[in-house]
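The block underneath contains the structure these notes are about, expressed in structure tokens.
Quick caveat: nothing in here was measured; it's all calculated off a predicted structure. The chain is numbered in sequence order, starting from 1.
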Amino acid sequence: MPTPDFIVSLRAKIGHDQLWLPGVSVVVTDPEGRVLLGRRSDTGLWAVVSGIPEPGEQPAVAALRECEEETGVVPEILGVIAVEAEKPSQFPNGDRCVFMSIDFVARVDAAGAAASRVGDEESTAVGWFDPGCLPEPIADSARRRIAAAQAWLANPAAGAHFHL
């Protein structure tokens, strides 16, 4: 489902006014070091898996749910790579929002990677890409998140990246 019911309900009351919303994303890696990307149906941009937690849903659970729904892949969460307020965005329907994003890094084995597919109407394509050879057009947020995931994977003890 592209827009959770609780947001549809809010939008019925406030229209396209800017909302402050929680968001999650997950950079999924396979045994070859490739990253999982989906081509968004709303913007046409390649991006990492992302979504909005349901009220009361834990962020990591939401990231796993979104990944399975959008790509058919069920990865193992390894850690948090970033927590940041995104830039204000506007969707094609006019809805405006700012996401407070919690970004995760995850891994999947070869069998899990082979299960990747377009899982819902949010994506037009799904694929695995070498971080040094990403497809275009790609969302700026995907580049940032992939870089943060690579840094975390190189040194997990360093922890997550926070904008101050």
Side-chain angles (χ1 to χ4, degrees), residues 1-11 14 16-29 34-71 73-108 119-123 126-129 131 134-156 158-164:
M1 172 194 335
T3 305
D5 289 339
F6 80 95
I7 293 175
V8 172
S9 177
L10 284 170
R11 289 287 181 204
I14 67 162
H16 300 297
D17 288 353
Q18 185 167 288
L19 285 174
W20 176 251
L21 295 171
V24 295
S25 77
V26 59
V27 177
V28 182
T29 62
R34 300 176 301 172
V35 294
L36 178 63
L37 299 175
R39 190 156 194 179
R40 295 180 58 101
S41 59
D42 59 352
T43 64
L45 298 175
W46 287 94
V48 300
V49 172
S50 62
I52 300 169
E54 293 291 333
E57 185 178 31
Q58 294 297 323
V61 172
L64 291 173
R65 175 184 52 76
E66 290 287 347
C67 193
E68 184 174 14
E69 288 174 1
E70 294 179 19
T71 69
V73 173
V74 182
E76 173 192 5
I77 297 284
L78 301 175
V80 174
I81 56 171
V83 176
E84 61 186 347
E86 296 287 332
K87 295 178 183 175
S89 59
Q90 183 168 330
F91 290 89
N93 68 357
D95 288 352
R96 295 180 303 119
C97 66
V98 175
F99 287 104
M100 172 57 72
S101 186
I102 302 170
D103 305 325
F104 297 92
V105 63
R107 69 175 169 215
V108 68
D120 61 22
E121 68 280 357
E122 293 184 55
S123 300
V126 169
W128 293 94
F129 299 91
L134 297 172
E136 292 292 342
I138 189 166
D140 290 338
S141 61
R143 288 187 193 284
R144 274 193 329 274
R145 290 169 177 155
I146 291 167
Q150 289 182 304
W152 190 96
L153 289 166
N155 185 9
H161 173 74
F162 300 95
H163 284 264
L164 300 177

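Taking CG from Leu78 and CZ from Phe104, the interatomic distance works out to 11.5 Å, rounded to the nearest 0.5 Å. For the atom pair CD of Glu86 and OG of Ser25, the computed distance is 8.0 Å after rounding to the nearest 0.5 Å. Considering CG of Asp17 and CZ of Arg11, their distance stands at 7.5 Å, rounded to 0.5 Å. Distance check, rounded to the nearest 0.5 Å: CH2 of Trp20 to CE of Met100 gives 3.5 Å. For the atom pair CD1 of Ile146 and OG1 of Thr29, the computed distance is 11.0 Å after rounding to the nearest 0.5 Å. Annotation: the span from Leu36 atom CG to Thr71 atom OG1 amounts to 5.0 Å, rounded to 0.5 Å.
Side chains of Ile138 and Leu37 form a contact here, defined as non-hydrogen atoms less than 4.5 Å apart. Between Pro88 and Arg96 there is no side-chain heavy-atom pair separated by less than 4.5 Å. A heavy-atom distance below 4.5 Å is found between the side chains of Val35 and Leu134. With a 4.5 Å cut-off on side-chain heavy atoms, Ile7 and Cys97 do not count as touching. Within the 4.5 Å cutoff, no side-chain heavy atoms of Asn93 are placed close to those of Asp42. Here the side chains of Pro75 and Leu64 are in contact, with some heavy-atom distance below 4.5 Å. Annotation: side chain of Glu84 is in contact with side chain of Asp103 (closest heavy-atom distance under 4.5 Å). Within the 4.5 Å cutoff, the side chain of Trp128 has heavy atoms near those of the Val73 side chain.
In Asp140, the CG atom is not crowded: 12 or fewer heavy atoms of neighbouring residues, nucleotides or ligands sit closer than 6.0 Å. Residue-environment remark: CZ (Arg65) exceeds the threshold of 12 foreign heavy atoms within 6.0 Å.
Here the side chain of Ser9 pairs no donor or acceptor atom with the backbone of Asp5 at under 3.5 angstrom. At distances below 3.5 Å, not a single donor-acceptor pair connects side-chain atoms of Thr3 with backbone N or O atoms of Val8. The closest donor-acceptor contact from the side chain of Arg39 to the backbone of Leu45 lies at 3.5 Å or more, if one exists at all.
Nearest heavy-atom pair across Trp46 and Ala142 is O-CB, 4.2 Å. In this structure, Arg40 and Ala47 approach most closely via the heavy-atom pair CD-CB, 4.0 Å. Counting all heavy atoms, side chain and backbone alike, Ile81 lies closest to Ala149 at CD1-N, 3.8 Å. Residues Pro22 and Pro53 approach most closely at O-CD, 3.7 Å, considering heavy atoms. The two residues Val26 and Ala63 make their nearest non-hydrogen contact at CG1-O, 4.0 Å.
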Is there a side-chain contact (heavy atoms from CB on, under 4.5 Å) between Val80 and Trp152 once you walk through the steps? CA-CA 9 Å; Val80 174; Trp152 190 96; over 6 Å; no

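Among residues two or more places apart in sequence or in another chain, the side-chain hydrogen bond (donor to acceptor under 3.5 Å, both in side chains) test is passed with Arg34 by Asp30.
For the residue pair Ser50 / Arg145, no side-chain donor-acceptor distance below 3.5 Å is found, with atom types taken as modelled.
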